[in-house]
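Take this structure, written in structure tokens, and hold onto it; I'll ask about it next.
Proteins come first, then strands; the chains are lettered A, B, ... in the order of their sequence lines, and each starts at number 1. Keep in mind that the numbers below use all heavy atoms, side chains included, and drop hydrogens, waters and symmetry copies.
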Number of protein chains: 2
Amino acid sequence: MSSKLTAGDLQVINRVAVFRGLKPETVQHVIAPATATMLRPHELIMRQEEPATAFFIVIDGWLKISRNTQSGGETVIDMMKKGDSFAEAAAFSGGRYIATAEAVNIARVARIPADHLIRCIRESPDIALAMIASTSQRMHYLVQQVEQLKAQSGVQRVAEFLASLSAAEQGRCALALPYDKILIAGRLGLTPESLSRAFAKLRGVGVTINASKVDVDDIVELRRIAADDRNAVRGTLRPVR
Amino acid sequence: MSSKLTAGDLQVINRVAVFRGLKPETVQHVIAPATATMLRPHELIMRQEEPATAFFIVIDGWLKISRNTQSGGETVIDMMKKGDSFAEAAAFSGGRYIATAEAVNIARVARIPADHLIRCIRESPDIALAMIASTSQRMHYLVQQVEQLKAQSGVQRVAEFLASLSAAEQGRCALALPYDKILIAGRLGLTPESLSRAFAKLRGVGVTINASKVDVDDIVELRRIAADDRNAVRGTLRPVR
DNA sequence: GCCTTTCCTTGACTTTGGTCAAGCGACCGG
DNA sequence: CCGGTCGCTTGACCAAAGTCAAGGAAAGGC
């Protein structure tokens, strides 16, 4: 189940954003008591409401970060991939996890105990700054998330999501959906049905979706749709069967 | 405009959540170079995209934390009141502010320079832990926000908002809306019109709104509406003129 | 191989919430 | 005191998105 880190694990961990700017020996020290776990699909590594005793780094695979709603449902909060870290802030504040982390596919996750981390911080405060920077990033994401949910329509969120998958400056580009459409729908606050229909509308502006392969005729157009006013887009987007 | 802290300012600052658990002398040290500013309605103390050179504590009044959308609109992210602190994480990470803070009414805000704060942390790491704890709280709020926007209907968000204004365990209670309905609408991701209609629906379950005074017949019922499944509520909520 | 399950799409329909327009009352400045 | 602006509400309408149901295609188990 859980084991010491392999050389490959260390490879990934040393490049992780949360440790950016720390001296290699500091990183070594922080991850000394870390363990790594292989997860099968649907296995959980972090459970909402449980005491926060560690934080995590994704070494490989995709994890779904979700919350159980009062009404028994589930809300996708974020998706984590190789190189992402999560629950840093919870681990420090000694509270409980506010969300659940579930493996989407076969995944490998490193676990760094919170008590050790706090001891490390007392020795070298730079670690604290690194963690705060990482937390700040996460917060930025959440703020953007709130903004998108409040200010953009479903199609616009889909357009922005697709555009974010490509680094292309402009013009035509091909990309692959990173995970199930059901999960994409959840991440964007839509039902799978609505996501399908959003894709159908985007077909009209040169976006071709075939299983998990996507072809975009003009990524600038896609970004324009996302950036436009909610109502400005209306005429241009008719569903194409 | 900006001035040294008054005795009254210190009163508030010493009780603030972000400094909870720190020794009084540590707090003294952190806020040594702090200044306080009086803000008139609509004045800004923090501007999105500007370099994050400080973090803030609200001494009095209400501030609106908002973001300018790409399409030229504005999204309310949060409302801050006396005793709240904000932009801690941004101040550390040396990036830029990700949102704008605007006074809603006459307000007073303390400003703690980031460079001094970082020096403090290197001296006593406990400050870092306090800041992380505070950031963690903020993140919890944002996660809940995302959850609410994705999982609850407008009326449900309104019900939850009203319920959160009262500490009452159960039964009848009276409460006051803390700020304009336009701002409440923004905070909940609704238009003012939709908020009005949501209020009209809640009238049917014993919620009376008169200007900024609200009377709730049964707060448990209100919480039930918020916690129910999006669809379960449907029959029970018809608008009452 | 086949059968089952899961993912995804589409259609028809309903509900929710935004838009536009009108109107009222409170507050403010002159 | 008047006329303005602003906050709030209501009505009529429309667009966006959820629900329910059906069906096809792909993947995985036996």
| What integer distance in Å separates A:Leu183:CG from C:dC8:C1'? | 13 Å

| remark: Rounded to whole Å, the CG-P distance (A:Leu202 to C:dT9) equals 12 Å

| said: Regarding B:Arg224 and B:Glu221, does a basic nitrogen lie under 4.0 Å from an acidic carboxylate oxygen? | reply: yes

| query | Between atom CG in B:Leu188 and atom P in C:dG17, what is the gap in whole Å? | reply | 11 Å

| task | For residues B:Lys81 and B:Val58, report the shortest heavy-atom separation together with the two atoms involved. | result | O-CB, 3.4 Å

| query | Would you say a side-chain N or O of A:Lys181 is under 4.0 Å from OP1 or OP2 of C:dT9? | reply | yes

| So does A:Arg108 pair up with A:Asp9, basic N to acidic O under 4.0 Å? | yes

| said: Could you tell me how far apart A:Asn210 (CG) and D:dA25 (C1') are, to the nearest whole angstrom? | reply: 12 Å

| message | Please report the distance, rounded to the nearest Å, between NZ in B:Lys213 and C1' in D:dC8. | response | 18 Å

| Between C:dC8 (P) and A:Phe199 (CZ): distance, integer Å | 9 Å

| remark: Here the distance between atom P of D:dA26 and atom CG of A:Asp180, to the nearest Å, is 15 Å

| field | B:Phe161 and B:Tyr179 aromatic ring geometry - parallel, tilted or perpendicular at 30°/60° bounds | value | tilted

| Is any NZ, NE, NH1 or NH2 atom of the basic residue among A:Lys64 and A:Glu74 found under 4.0 Å from an Asp or Glu carboxylate oxygen of the other? | yes

| query | Roughly how many Å is it from CZ in B:Arg203 to P in D:dT9, rounded to a whole number? | reply | 8 Å

Look for any protein N or O under 3.5 Å of an N or O in nucleotides 13-18 of chain D and output each such pair with its distance, or none.
from	atom 1	to	atom 2	distance (Å)
D:dA17	OP1	A:Gly154	N	2.4
D:dG18	OP2	A:Thr191	N	3.3
D:dG18	OP2	A:Thr191	OG1	3.3
D:dG18	OP2	A:Ser194	OG	2.6

| Are A:Thr75 and B:Glu147 close enough that a side-chain donor and a side-chain acceptor fall under 3.5 Å? | no

